[in-house]
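Reading through the C-alpha cells given below for one structure.
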Amino acid sequence: MAIVPVGWSSQAHQSMRSAATKAGLISNEKSWRLLFCYEPEAAALACIHESSFTITGSPKLMFVDCGGGTVDLFLARFNGDKKLEELTLGTGNFHGATSVDAQFMKFLANKIGDRAFQEYKYTVPFHFARLRQEWESKKCAFSGTQKWILQLPHALVKLFPTDKNAELRDCEIQVSAADMKSIIDPVVDEIISLICAQLEQARKLDGAKVQYLYLVGGFGSNPYLRDHMKGNSVIQEMVGSVVSLQKPDAAVVRGAVWFCLNNELIQMRRARKTVGIGVQRKFDPWRDHKSEITSYDPNDPTVVFVPKGVLCFMSKNDAVAHNASFTKGEFSDSKGAVLDQRLNVDDCTLSERSN
Ligand SMILES: Nc1ncnc2c1ncn2[C@@H]1O[C@H](COP(=O)(O)OP(=O)(O)OP(=O)(O)O)[C@@H](O)[C@H]1O
Ligand SMILES: [Mg+2]
C-alpha cells in the first residue's frame, strides 16, 4: 500500500510502480499487490472507523489533516455503512508544522542578529541541533500558556549586535507565551481561513452545517491549534462539533489499512481534472490564427478546422463513482449522424483545450 498526496498525476503513480518493481516489492509494474491510497481519504477512513460515537443519518463531515508540510481538507457525506462520498474538490495549503518551525527560526534570527544566527547554525551545529529538539518539544506541548528559557552557546557572545549586548549578556532568551503565540498564530490563522472557505463551500451545497469536523495529523494533535479551532466563531457557527482522535498523528496509516481491506469505502470522488479527447472544431477568426488550421471540409473547402477542441468524458469537479469507467466508441453529432475517423465536432459539448 502506498499512501500518496491527493493531486498525484498518473505519471507519478507510474513512477512509484516502476520504483517498487525495481526494489523487488512487486513482481511487475501492473501487479495488483501495490495499491494506492490518497492521504486525505485515508485520514477520513480512520476518523469514521475510530469515532468514539455513532454517526447517524447521512451528515456532511470534514476531515482536516495538518501535517508537517501540508494541510489537506476532505469534505464528504457519510452514507451509512461507513462509506463516504466526496462532496467538493478538497483544498489544501502548505501551512503545516514546518511553517511554524520556520517562524521560530525567524524569531531567533531577529533576537540574536543574522550574523550570530548563521554562525550558530554552521559553526556550532551540535548545539543548534539540540536547540531544534528542544523547540520541537516546546512546540508540540504548547497550549497557549507555557514559556521557556532558551540557552545560547557562549561562543556567540562576540557576534551579538551591540544594541542586544545587555539583553543577551547571560546568553539566554526568555520566550514568553506571547512570543510563542506570535510564532504560531500566523500559521494557525492560515489554517483556519482555509477551513472557513471550505465550510462556506459546504454550506452552499445544502445550507446545512457540517456535523463533525475531525482534526488529525501530527500538527493536528497540537492543543493550541485544536483550542483555536474549537473557539473560532465561524467554525462554531458552521460545524456541529470539532472531534479529535486518540492518536491523530498516525491516522493516515491506520486509515490506509481500512482502505486496503475495502477500497469501496470511498464510494464517490470528485474529478481532479477534466478528461477528454482532442478534437477539431471550426475555425473561429476571433479566437484562432490562420496558421493553426490543419484541415478542411472536403465537401466545402471554405469550412476549415483547428485542432483545439476537447470532447469531455468528465469535467473537473464531476462526481465519479469508485467503479466508474468511461468509454467512447462511435461519436455522433447532435443530429445523430455517426462520425468516424476524422472527428469534426461542431455541435458537441466542447471545451477549449488548455495544453
Ligand atoms: N503536538 C504537536 N504540535 C505541533 N506540531 C506537531 C505536534 N506533533 C507533531 N507535530 C509536527 O507534525 C509534523 C508531523 O506530522 P505528520 O506525520 O502528520 O506529517 P506528514 O504526514 O509527514 O506531513 P505531510 O502530511 O505534510 O506530508 C512534524 O513537523 C512535527 O513537528
Ligand atoms: Mg500527512
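In each ligand, atom 1 is the first atom listed, and ligand 1 is the first ligand listed. Everything quoted here is computed from the prediction, not taken from an experiment. Hydrogens, waters and symmetry mates are skipped; everything else that's a heavy atom, side chains included, is used.
Heavy-atom distances between Gly96 and ligand 1 stay at or above 4.0 Å for every pair.
Here the protein heavy atom with the shortest distance to atom 3 (N) of ligand 1 is Asn222 ND2, 2.9 Å. Nearest protein neighbour of atom 7 (C) of ligand 1, counting heavy atoms only, is Gly218 O, 3.1 Å. For atom 12 (O) of ligand 1, the nearest non-hydrogen atom of the protein is Phe219 N, 3.4 Å. The nearest protein atom to atom 11 (C) of ligand 1, hydrogens excluded, is given as Ala97 CB, 3.5 Å; this is a heavy-atom distance. Protein heavy atom at the shortest distance from atom 30 (C) of ligand 1 is Glu136 OE2, 3.3 Å.
Atoms OG and CD, from Ser295 and Gln280 in turn, are 3.5 Å apart once rounded to the nearest 0.5 Å. We find the OG1-CD distance between Thr91 and Gln198 to be 4.0 Å, quoted to the nearest 0.5 Å. The CG atom of Leu265 sits 8.5 Å away from atom CH2 of Trp258, with the distance rounded to the nearest 0.5 Å. Between the CE atom in Met238 and the NZ atom in Lys209 there is a gap of 10.5 Å [rounded to 0.5 Å]. Atoms CE and CD1, on Met16 and Ile26 in that order, are 10.0 Å from each other to the nearest 0.5 Å.
Nearest-heavy-atom check against atom 26 (O) of ligand 1 across Ile184, Thr70, Ile3 picks out Thr70. The heavy atom nearest to atom 17 (O) of ligand 1, considering only Asp249, Thr98, Val253, is found in Asp249.
The presence of a protein heavy atom under 4.0 Å from atom 22 (O) of ligand 1 is ruled out. Contact annotation for atom 1 (N) of ligand 1: protein present (non-hydrogen atoms, distance under 4.0 Å).
Every N/O-N/O distance between Ala141 and ligand 1 stays at or above 3.5 Å. Considering backbone and side-chain atoms together, Gly68 places an N or O closer than 3.5 Å to an N or O of ligand 1. Ligand 1 has no N or O atom lying under 3.5 Å from any N or O atom of Gly67, backbone or side chain. Geometrically, ligand 1 and Asp101 share no nitrogen or oxygen pair separated by less than 3.5 Å.
Taking both residues in full, the closest heavy atoms of Phe219 and Ala97 are given as CD2-N, 3.6 Å, listed atom of the first, atom of the second, then distance.
If you check the side chains of Ser51 and Tyr212, you find no donor sitting under 3.5 Å from an acceptor. Looking at Gln201 and Thr88, their side chains never bring a donor and an acceptor atom within 3.5 Å of each other. No hydrogens or angles considered: nothing links the side chains of Asp101 and Thr98 as a donor-acceptor pair under 3.5 Å. With 3.5 Å as the limit, one finds a donor-acceptor pair spanning the side chains of Gln14 and Glu29. No side-chain donor from either of Tyr38 and Asp72 sits under 3.5 Å from a side-chain acceptor of the other.
Of all the atoms in ligand 1, the ones that sit under 4.0 Å from a non-hydrogen atom of Lys139 are 3 (N), 4 (C), 5 (N), 30 (C), 31 (O). The ligand atoms of ligand 1 that sit less than 4.0 angstrom from a heavy atom of Gly69 are 23 (O), 24 (P), 26 (O). Which parts of ligand 1 touch Gly217 is read off a 4.0 Å heavy-atom cut-off, strictly below it: atoms 18 (O).
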